[in-house]
Amino acid sequence: MAKAPVLTPQADDFPRWYQDVLAKAELADNGPVRGTMVIRPYGYSLWERMQAEVDARIKDAGAENAYFPLFIPESYLTREAEHVEGFSPELAVVTHAGGKELEEPVVVRPTSETVIGEFMAKWIQSHRDLPLLLNQWANVVRWELRTRIFLRTSEFLWQEGHTAHATQADAAAYAVQILHDVYRDFMVDVLAMPVLIGRKTRQERFAGAINTLACEAMMGDGKALQMGTSHELGQNFAKVFDIAYQDAEGTQQTCWTTSWGVSTRMMGGLIMCHGDDAGLRIPPRLASTQVVVLVIKDADGAAEAAGRLVDELRAAGVRAKLDARTDTSFGRRATDWELKGVPVRIEVGPRDLANGEVTVVRRDTGEKSQATVDGVAATIPGVLDAVQADLLGAATRRRDERTAEVTTIDEAREAAQVGFARIPWATLGEQGEAVLAQDAITVRCLQTPDGQVPASEDEPGVVAVVARAY
RNA sequence: CGGGCUGUAGCGCAGUUUGGUUAGCGCACUUGACUGGGGGUCAAGGGGUCGGAGGUUCAAAUCCUCUCAGCCCGACCA
């Protein structure tokens, strides 16, 4: 007897599937102001895990957390020409406060290069103060017209790193280090997402940057999503905010700065990369709940056995949760945990228990197996590792299957309908980029032939990865 | 800014053409019983300024005018 699907199948309508998952997995709701979002507890628990993992890597890279204000004097934004040009259409500006009109309007930060620049200038005097490596976790506002929860919202949460260095080489190296050691490492190892890394074309560059590096991921429908960026800002901000130092010889020098960020958009990437028709599939290393122990029926000691199992799992370092609800049917609860993408479910019921067994179910494959009550906890870390590896493997396979090597713009346009196309940058060029843009196809990044970040777009052999993007 | 469409229960919708009892349906929700190995079954319930204002009428979700909000297409921008 075929039942109505829990979610709109991905193949029927991918955007609809995405909306369905957000609601049914209790991730997020739309906020009352257009373009804003409410992140629900389960969604936020995943974001907290992302924060923890990214934050640890940022600290390993030597940056320290700080906090700068939400409100920025409007005059700050206008100092850097490209920067203000890029952001002014989407600024939220406060003109009235305290019951009267403000002398100088304040903008709600769309990003914090300007305020942080102002304070870097104050704090940096000597070459001994460099590098200055700062990060902040904050919300930012960009008044977007077309919004989708997590992917593009008017207010979102992120981390923004801001650093100042003595030389261009140091700044460039640090921007690359963040891309590699913080972002790519996190996305591949924790999110199980095989992101591409590369540099952005002039067209796609951050407003005010001299170079933008990015991580790009492929979603389940073949479209691309920018998951994180790292910018070399040259001396653009250093000059206008006078971020300068005295070198060892006693001469005044202008600093070189960088900025880099990842946001709640990664939530959207996670959902659309691994999700299937049954809901989310959360990689174990990210999952806020890695294993749910589900009591099928509270009889013959099932609830007690399940409780002991949860304790054992926690003792073994597994993030485990007990579901002993007796007021909801087994099928409903199984479906709910599948929607939420919990990597492993252990079913404890009287029937199995009579044989001293429990049932272990993998969310990624749906595969069920029997295990002994006494031995199962010890096997779970291995199962979680396998799920983690298989999710990465499946996403990598899909990306590779849907990536075409092409040599003409027409072929690139064709291939981008279902995935990524790799075309020599020398063939495409900025003119070809503009041609593809008419069909909503953009250059996601420029790479060396072996998938590394090129030092410049003019390097021989540079390949443009083009796709439709979110 | 122009064109089109939609506003009815938490969500999704029917009812509007042709005005007429107490405004309906599915899901969700509450209570109880039986259940429980894949969205359980049965029974009994709760929940509505029909986007808002004004008008026509014995009578308006339904007709008229105005208005607000949202969505789509175009234009603008890149």
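Since this is a predicted model, take the numbers as computed values, not measurements. Proteins get letters first, then strands, A, B, ... in listed order; numbering begins at 1 in each.
- G19(B) makes up no base pair with any nucleotide shown, lacking Watson-Crick or G-U wobble contacts both under 3.5 Å.
- A cation-pi contact, defined as under 6.0 Å to the ring centre and within 45° of the axis, is absent between Arg444(A) and Phe420(A).
- Spacing between U21(B) and U62(B) at atom P, rounded to whole Å, works out to 14 Å.
- Contact detail for Leu392(A) and Pro194(A): the closest heavy-atom pair is CD1-N, 3.9 Å.
- Atoms CG and CD, on Asp364(A) and Gln388(A) in that order, are 10.0 Å from each other to the nearest 0.5 Å.
- Pairing of G2(B), defined by two Watson-Crick or G-U wobble distances under 3.5 Å, is identified with C73(B).
- Between Thr111(A) and Trp158(A) there is a side-chain heavy-atom pair separated by less than 4.5 Å.
- Rounded to an integer number of Å, the gap from Arg202(A) CZ to A78(B) C1' is 16 Å.
- A distance of about 28 Å separates the C1' atoms of C5(B) and A78(B), rounded to the whole Å.
- In this structure, the side chain to side chain contact (heavy atoms under 4.5 Å, CB included) partners of Asp20(A), at least two apart in sequence or on a different chain, are Leu7(A), Thr8(A), Arg16(A).
- Checked against salt bridge (Lys or Arg N to Asp or Glu O under 4.0 Å), Arg79(A) has the following partners two or more places apart in sequence or in another chain: Glu118(A).
- Between the Trp337(A) side chain and the Val291(A) main chain, no donor and acceptor come within less than 3.5 Å of each other.
- A donor N or O paired with an acceptor N or O is found under 3.5 Å between the base of G38(B) and the side-chain atoms of Lys368(A).
- Relative orientation of the Phe237(A) and Phe241(A) rings is parallel, given thresholds of 30° and 60° on the angle between their planes.
- Contacts between residues 335-344 of chain A and RNA chain B, defined by a heavy-atom separation under 4.0 Å, are made by Thr335(A), Glu338(A).
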_Worked check of side chain to side chain donor-acceptor pair (under 3.5 Å) between Gln203(A) and Thr201(A)_ = CA-CA 5 Å; Gln203(A) 181 70 34; Thr201(A) 61; over 6 Å; no

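- Atom P of A9(B) sits at a distance of 38 Å from the matching atom of U35(B), rounded to the whole Å.
- Nucleotide C66(B) has G52(B) as its partner under the Watson-Crick or G-U criteria, with both atom distances under 3.5 Å.
- A residue-by-residue look at Ala437(A) and Leu7(A) shows that Leu7(A) has its nearest nucleotide of RNA chain B further toward the 5' end.
- Atom name C1', nucleotides U67(B) and U30(B): the rounded distance is 39 Å, in whole Å.
- For the P atoms, the distance from C66(B) to U49(B) is 27 Å, rounded to whole Å.
- Atom-to-atom, CZ of Phe330(A) to P of G38(B) comes out at 6 Å; the value is rounded to the nearest Å.
- Side chains of Glu204(A) and Thr442(A): no donor on one and acceptor on the other come within 3.5 Å.
- Every residue meeting the salt bridge (Lys or Arg N to Asp or Glu O under 4.0 Å) condition with Arg333(A), not counting sequence neighbours, appears here in chain and number order: Asp323(A).
- Side chain of Ser112(A) to backbone of Val115(A): no donor-acceptor contact under 3.5 angstrom is found.
- Near RNA chain B, meaning a heavy atom under 4.0 Å from it, residues 287-308 of chain A has Ile296(A), Lys297(A) in order of number.
- Put simply, CD1 on Ile346(A) is 18 Å from C1' on G38(B), counting in whole angstrom units.
- If you take atom C1' in A23(B) and the same atom in G48(B), they sit 9 Å apart, rounded to whole Å.
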Protein-nucleotides 7-14 of chain B N/O pairs closer than 3.5 Å?
none

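- The two residues Arg468(A) and Asp221(A) have their closest heavy-atom pair at NH2-O, 4.0 Å.
- For the pair Arg199(A) and Trp425(A), the cation-pi test (distance below 6.0 Å, angle within 45°) is failed.
- Side-chain atoms of His274(A) come within 3.5 Å of backbone atoms of Ala192(A) as a donor-acceptor pair (strictly under, hydrogens ignored).
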Write down the protein N/O and nucleotide N/O pairs, taken from nucleotides 68-75 of chain B, whose separation is under 3.5 Å; answer none if there are no such pairs.
from	atom 1	to	atom 2	distance (Å)
C71(B)	OP1	Arg34(A)	NH1	2.2
C71(B)	OP2	Arg34(A)	NH1	3.2
C73(B)	OP2	Arg146(A)	NH2	3.1

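- With hydrogens and angles ignored, a donor-acceptor pair under 3.5 angstrom links the side chain of Arg345(A) to the base of G38(B).
- Distance check on atom C1': G40(B) versus U17(B) gives 43 Å, rounded to whole Å.
- With distances taken from any side-chain atom of Glu347(A) to the nucleotides G40(B), G37(B), G36(B), the minimum falls on G37(B).
- Residues passing the ring-ring contact (aromatic ring centres under 6.0 Å, His included) test with Phe206(A), sequence neighbours excluded: His83(A), Phe87(A), His231(A).
- Distance noted for atom C1' between G19(B) and U57(B): 9 Å (whole Å).
- Looking at which nucleotide of RNA chain B each of Arg325(A) and Lys24(A) is closest to, the 5′-most match is held by Arg325(A).
- The nearest whole Å value for the distance from the CZ atom in Phe206(A) to the P atom in A78(B) is 19 Å.
- When every heavy atom of Ala302(A) is checked against every heavy atom of Leu353(A), the shortest pair comes out as CA-CD2, 3.5 Å.
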*Checking side chain to side chain donor-acceptor pair (under 3.5 Å) for the pair Gln447(A)/Arg422(A): CA distance, chi angles, key distance, verdict?*
CA-CA 9 Å; Gln447(A) 297 190 313; Arg422(A) 290 168 52 84; 2.9 Å; yes

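- Looking at residues two or more places apart in sequence or on another chain, you find no salt bridge (Lys or Arg N to Asp or Glu O under 4.0 Å) involving Glu411(A).
- Taking atom CG of Asp439(A) as the reference point, atom P of A78(B) lies 19 Å away to the nearest angstrom.
- Using N1 to N3 plus N6-O4 or O6-N4 for Watson-Crick, or N1-O2 and O6-N3 for G-U wobble, each under 3.5 Å, A44(B) pairs with U30(B).
- Taking a pair to require two hydrogen-bonding distances under 3.5 Å in either a Watson-Crick or a G-U wobble arrangement, C13(B) pairs with G24(B).
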For nucleotides 26-28 of chain B, give me every protein contact, N/O to N/O, under 3.5 Å, one pair per line with atom names.
from	atom 1	to	atom 2	distance (Å)
A28(B)	OP1	Arg332(A)	NH2	3.4

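- Between Asp327(A) atom CG and U31(B) atom C1' the separation is 13 Å, expressed in whole Å.
- When every heavy atom of Arg363(A) is checked against every heavy atom of Glu338(A), the shortest pair comes out as NE-O, 2.9 Å.
- When both pairing distances are held under 3.5 Å, A59(B) makes no Watson-Crick or G-U pair with any nucleotide shown.
- For Glu357(A), the salt bridge (Lys or Arg N to Asp or Glu O under 4.0 Å) test picks out no residue, with sequence neighbours left out.
- Using a 4.0 Å cut-off on heavy atoms, the residues of residues 349-365 of chain A that approach RNA chain B are Gly349(A), Pro350(A), Arg351(A), Asp352(A), Thr359(A), listed by number.
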